[in-house]
Each structure stands twice: as C-alpha cells, then as structure tokens.
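Here's the structure, in structure tokens; my notes come after.
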Amino acid sequence: MADTPKSGMPAGALSMLILRVLQSGSLHGYAIAQRIHLLSSEVLGVEEGLLYPTLQKILVKGWVTAEWGISETNRKVRFYRLTTEGRKQLKAELSEYDRVTQAIQEILRTA
Amino acid sequence: MSEIFRRIRYLINRRRFDAELESDMEFHREMAARAGRSNFGNTLRMREQAREAWGWTWLDRLVQDLSYATRTLARSPGFTVTAVLVLAIGIGVNVAAFSLFNMVALEPLPVRDPGSLVRLQRRSPEIISSEMPYATAKFYGDHAKTLSAVLTMMGARLSLEDDLNPVSTNFVSANFFKELGATAAYGRLLDTERDEAANAPPVVVLGHEFWQRRFGADPDIVGKVIHLNRRPVTVVGVEPYGFPSLDGEGAEVWLPVTQQPYFVEGSKALTDVSDGTVRVWGRLAAGATASQAEQELLGLTNELRKQYPKDIWKDEYIHSDPGGHLHVMEPAMYKVAEMVGVLTLLILAVTCANLGGLQLARGVSREREMGIRLGLGASAARIFRQLLTESLVLALIGSVAGMLLAWGTMKVVLANTPSPVWLSATPDWRVLAFVVAMALMATLLFGFAPALQIARQRQRKTLARQLLVGAQIAASCVLLIVASLLVRAAQHALYTNPGFGYERVVSIDPGLGRHGYTPAAAEEYLVQARSRIEALPGVTVVSLVKFAPLGHHTAREDTEINGRKVSIYPNSVDDRYFQAMEIPVLVGRNFSPNEKNAVIVSEALARRQWPGESPLGKKYEENTVVGVVGNAHVNAMNDGDSLEAYYPVQPTDMPDMVVLVKSAGAPDGLTPMAKSIVDNLNPNLFPEISLLKSGFRKDMEQVELVASAVTLIGLVAVALAGVGILGLVSFSVKQRLKEIAIRMALGATKVQVLRAVLRQFVWPVTLGIATGAGIAAATTGVLRNSLYGVSNLDPASYMAAILGLMAMIFLAALLPARRALQLNLARTLHHD
C-alpha cells in the first residue's frame, strides 16, 4: 500500500468513530466528518483523504451499507447506514477501547 | 466468506462504485467550499487510495504491466522474435524430454483401471529376478485375497508353417485380455472358461499388425487352422488395433500359457519351480493396497518354502511396482532419465543466461525510458515488477512456442520409431503443468537478476554481464564434453578392435534346456551337431559356450575387489572358445578337455585381483587360475570396466549350451546349412540361428543414435551460447563507440582497440571453461559403463570440446568487434 496521509487521529480510531456517529442514523460522508468534528468540540478534524479510504474499508467489511438519498442542499448523494454486523463490531470495538483506556489510566494514576 | 463476495462485487461493478465514490468526494468538496475551506488534496490520488480498500490494486497494476509489456515487446520485434526463438529451443528441448518421460512412466496405460495393476517381481536381498516359475505365480493367483487376478506372460519364438523367421509369441494366462478390458478386432480373444484348461482345444489370437502383414488383413482367417512349431492350432480371433500390452510387450501371436507344453516339446516350464519362466502382474482387489498385497504375498512365499525348500531363496519376497504404465521404471532407467534431465536443464541454463545478457543490454538502451519513469515518481519496486512482467510475457510466449516445437518433434519421433500406436504426442495436463512451471522458472532465471539491476540503475555494471557469460560458457562446455565423449565412444566401439572376432561367427542356440533335455541327452545332441557342422565346407572351429556373445542371456556378479566395485561376467566355455572368438591367450594355457576346478581370467581381472603378481596358480573362488586371456567384453560391449571369468564347461551345463561356428570366409552361407543339420537332428527344437556381426551392428546403431542425439543437443547449446556472446560483444562495442573513436583518433592501434573491447570477456570465458570442464569431470563418472572403454576423463574428448568451444567464442566475439575497427570517426565523434 502506498503511504497514507498524516492525521491527528490515532490509528484505527476513525472507523470506530464513524460507526459510532452512524449509530443514531444514516449520514452522508461530509456529515460524518462534520459530526465527528462537532462532537469532539472541534478538536478532531477528519480529512477527506482519510475518511473515504476508511469508509471504503468498512463498506467492504460489511459494517455499513450505502444508499442513495437527497442532501440538505438537494443533491443526490450516498447515505451510509450501520448494518447489524456494524453494530456488533461497534460494541466489540467500544468495549475493547474501554478496556485499553482503563488500563492506561490505571497506569497513569498509580505509576 | 461474505467479505470475499463483497470484494468480488466491487471488482465486477468497479466502474459504478468508482463513479459513486467520485460523486461522494465531489459533494464533500462542494460542502467544504461552502463552509469556506478550499485546501483539497489531489482528488485522483485520494480516490486511488480509497479504492485500495477494495483490495484489487494488484490486479489493476498487473493489467497495466501486462499491457505495457506487450506494447514494449511489440515495439521491438527484433528482440522479441530472437528471445522467443531462443526460449522456444531451450524450453522445447525440456518439454520434449519430459513428454517422453511422461509417456513412459507417468501416463496411465489405456486399459481397464490401470491404477490397480501392479507388476510383481521375485526378490531377495541379493537377487532380483524379472521372472518367476509359473507354478508359484499360479499358487499366488489361487491364494492371494488382496489380488483379484494374477496375469502371467511367457515370451517365446515359434516357427510358423515353413516361414524362415520365427514369430514372436506371448504365452499368457487366459484372463490376460479380459483383465485389460480388450475386445477382439475379429473373432474373440482368449477366455478363462474356454481356454484355461490344459486339455482345451489349442487356440491362437493373432497380433493385429502381424495379421495385416502375414495374412493380408483377411478377416476370414478366424476359424482356420495354422501350424506353430508344426502343431495345428485354430485361429480364434485378432487382437484389437493398437492393443496396449503390459510393459510394452506386444507379440505376433498370443497363446494360452497352459498350452505351452503342446507347442514346445518336452518343456517343463509349467511345473518346474527351480527357474523363472513367466513375468507376472497382479490386479489389486477392491480396497487392497500394494503394501497389503506385498505383505500377503510374503506369507504365501513362506508357505511355498515348506513345499519347495530348495527352490525358494533365503529371505525371498515379492516386490510390487505400479504396473499400469508403458514401462515400469527400473533404477537404471531413472539414472538415464536423471542424466537426460540434467543435460536438458543445462540447455535451459544456457538459454536463460543468454537472454539475461540480452535483457541487461536492453536495459542500457532503455535508460532514458527508465529515467523518465523514475522521474515521474515510479518506485524501483514498481519498475522491477514491470520488468519482471515483461520477462513473464516473453517466457509464456516462448513456452508456448517451445511446447509446439516439442509436440512437432514428438510427432516425428513417434511416426519414425516402432512405438505403440495408442501413444499420442498431444500434450496432456502433466505436460501443460510442466510447461507452465518451465515458463515461471525461465522467468526467474533470465528475468530476475537483470530486472533487479535495471531497477537499481546498475545495468552498466559489467560484473552481472560477466557472470552471465561465464554461466553460459560453463553449461555449454559440460554439454559439449559429454557429447564429445559419446562420439568418441561410438568411434572407439566402431573402429577399434573389440578384443574378439565377430565377423565370421554364427551362433546356434538350440534351447535344449527349454525343451526338457537332460544333461546326458543334451551332450549327445551337441556331440552329434558338432561333428556334422564341422564337416561342412568352410567351417574352421565349432565351440560351445553358455552365454553366447551379444546374446540374450548374460550372468553378472557385482562385487568388490580391493574396495572397488566391479562387475564380473562369468561364462562357461569349452577348449575351442578362445580360438573361435579370436581371444588371445596371453599367459598360461587354454583349458584341456574335461578339465575341472580351473578358471581363466581376463587380463583386467588379473590386474585388479593380483596387482603386480603372476595370477597363474592362484586360487579364484576355489578354482585354480590356469591362464590369462585378452579383455573381450562379449557380454557387456558398452562397459569398458567389465571383467570376465571363464570356467570349463561341465556336463551339467550341457542343456544351456550355445554352439558357435566359425567359418573361413563370410559366414552368411552357413546359416541355411546349419539350419538343415539341426532340423535333421530334432525337428521340434527350432533353434535360433544368428550372425554375430548383425548383433554387433545393432548394438553400434544404438550407440551412434545416442551419440548423435547428444551431439545435436550440444551443438544447439553451443549455437545458443554463440548467439548470446555475439549479442553481448556487439552491444558492448555499441556502448563504447565514442570511447573507441576517441582512442583511435588519439592513435590507438587496431590490436589495442580490440583488446580494450574484448578484455572484459577474458575472465568469464576462462572461468566458464574451467568450471564446465570441472563439472563434466566430476559428474560423467555415471557414464563410465556406457562409454565402450573410453575413460570419462579422456583428454582427447575434453580437448576437442574445449577447442571447439573456444573457436566458436572467438568467432562470435570477433565478428562484432571488427565493427569497432571500421568506425567512421568523424561521424561518431560528432554524434550528439
């Protein structure tokens, strides 16, 4: 694989965040980026060059599906929706993430 | 699983998905622009990165590389055609050799269920016998539960009516044709119910080709009576066209083995358990494996030992081999196959080294192209992959051409040799798989190193080129040396004295033992035959010998003398044998009549056994040495290392003796006279009468055939190497044209210029020849026993090969180098 663009996002975290923001309903690509940006109190930015490869990856994995819809600007655009498999994956990733952060915090507190 | 399906969906609908991706990103950009951001990256590259998630990037690149490779090759047709031709020869030779091996050893016989056929051989740790007594084979057939059938075959030669030549005959078990699933062309084949009983009416099945030749393909022959060995027998049918017999053993007539005593008077072949008479195959019962069958047969052999304690060997067992092929491969045949394989792979090595050199040279002329591609951002890995793909395309085209070449060659070979008609030259899946493997191997051999060098921009380094030249020369050198050794051997065999006289000798094999003669009866017959033949005009000597020179039977003892492995050929002869065969008695004396416990050894055996001592009076296996005779490899013509030991003929040997008749002039006229004498003595014997010189000629034809085949291969290799060197030298001249022109302008002499151009090839050539000669010397030891006494280190052969190779290299290098001397100085120096 060619070199991937740099980003402030920890590796692997983006797919989890995408799955998480899709949990409440289907969104188009731009909205996903916006939502992550807003929900992170504008700390995390999602570059186009990272968002779309990640979206393609989770599409192939079958965690989300894409369907055509109409955007708020009245344009035909694809909306991404979480699948049952995606929900399962999100749950697994969240609990794994919790376990790891707890462990890290444990170290930070006691060391 | 579902992920793979989704990926495949993305591959199939990639155009649509790509458009959707594009639309998504376009929308993203519009929205971002509204929000006031406009720092977008390279959209094309981003889309490419996103697409990588689908997992098909490699395929895209492969398609790109393939189409680029085809275009590049199409643009330089001269190079492509040369490369494909060179590859076609290199790969074709290998494919042809593999096809032959495939036909003989891998392809199943077109008979019913060939996979469950096994050939059975009688063995012990010391002895291997290809034949077993009929009675024991029948015992195995009657009792083995792991075998559903046992097939037996006994070869013989019978006389048909009053024909001059005997017909080749196979006595087979009545189940033979049925087990192989054959159906008659006319009439019927042998049948267990009608033909197996010993008292069944005598029947014969005619071989298809024999039926056409001898009976004019007359279908009405079925039901008629013919005479074999003067016994009437009814023709019941004709063998199917192209009948695939076991181990390639066809016959002109097929008879039930149970009727053998009817045709061969006095024969005890069906009851005698002391001697092997039939070749045996088995069909494994459903579910049984070969090793289970061997296990059961071992138990049965031990039971047989109780019945025939004297005739079953110590630790005897039955060995099985897969029997459903044209031939069962013996260890010696594998050796030959390995040897041929090594030689043909050497050709491939020459080919690939050759092409590798060409590729490197092309790399230099493609420097601009590579520079541009690197400048545009291609990685070295990508360029390497691209170049390797080019090689792969070349190798695939070359392999297909090679396969066609091999296919054509095989067709010609099959059409011109007496091969079974069911054999086809059309490649099967094994040959196709071999071709693919060859293509991949060739790609790696000739493409890998040059691609690596070029991708790393090191194509101007001379070391790689020198290595390739050295490898080519070494491989061609080995091939040439082997070829010249074989040519020398053939010449040696043809034009030097073999140590015995064969031109004026006739051998008469009455086959007394086969007809149940006792030693006393045999002796009486031989005394009579000798006195009558001696009375014939022109006959000078009549002698008796157990294993006739150049005959069907030999005995061989493999043993060690002073730590060296040797083969000793024992023979029993009378006191006139050395005179008849013109073998000189060097030391001591000839046998005296009725001598016992004496032995005469060949000169080489005496030297091995008692180096530096007089052998006379020494004990050799409980016998006293009375004489030493010249070396005469009458029973192993091709093995210059064979040793001979002669024993005086004893009364018990009489049923096995062959009569040798030496005439004063040409022996050809003796044959009919001798025939009438032996027919008169016993009309039911049908002795085999042959001229030694025709046996000798047949042997020589084979040697010449092998020598010319290997020479052809050697010449092909040398021609390939020549083309390669020619190409490399002319390339390196072209590469250095300017330098040469400057040198000449500054007053360099022609010799100096030539030296400058050719110097880089001196070391590779010298090292290549030295390595090749070394490899040849180290490996041709396996050839020793087929070189007719020429040493595998024979200096003349090595010199001839090396000088020939050097002359060729010199020519190939000088032709293009001369161009350097005919330069138009002004034009070269003004060029760019």
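Quick note on labels: first sequence line is chain A, next is B, and so on, each numbered from 1. Everything numeric in this text was worked out from a predicted model, so none of it was measured.
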Bottom line for A:F79: the part with an atom under 4.5 Å from chain B's heavy atoms is neither
Near B:F384 CZ, under 6.0 Å, is it more than 12 heavy atoms from other residues, nucleotides or ligands?
yes
Relative to chain B, which of A:L59, A:I58, A:T54, A:L55 shows the most heavy atom pairs under 4.5 Å?
A:L59
Is it the backbone or the side chain of A:A66 that comes under 4.5 Å from a heavy atom of chain B, or both, or neither?
neither
Carefully, step by step, assess B:R51 and B:Y10 under the rule side-chain contact (heavy atoms from CB on, under 4.5 Å).
CA-CA 10 Å; B:R51 274 204 309 258; B:Y10 272 88; over 6 Å; no
So which part of B:R9 gets closer than 4.5 Å to some heavy atom of chain A, the side chain, the backbone, both or neither?
neither
By the side-chain hydrogen bond (donor to acceptor under 3.5 Å, both in side chains) test, which pairs, at least two apart or in different chains, include something from residues 369-384 of chain B?
B:Q64-B:R382, B:D65-B:R382, B:Y68-B:E369, B:R366-B:E369
Tested for side-chain hydrogen bond (donor to acceptor under 3.5 Å, both in side chains) against A:H28, the lone hit among A:Q34, A:R78, A:R75, A:E72 is A:E72
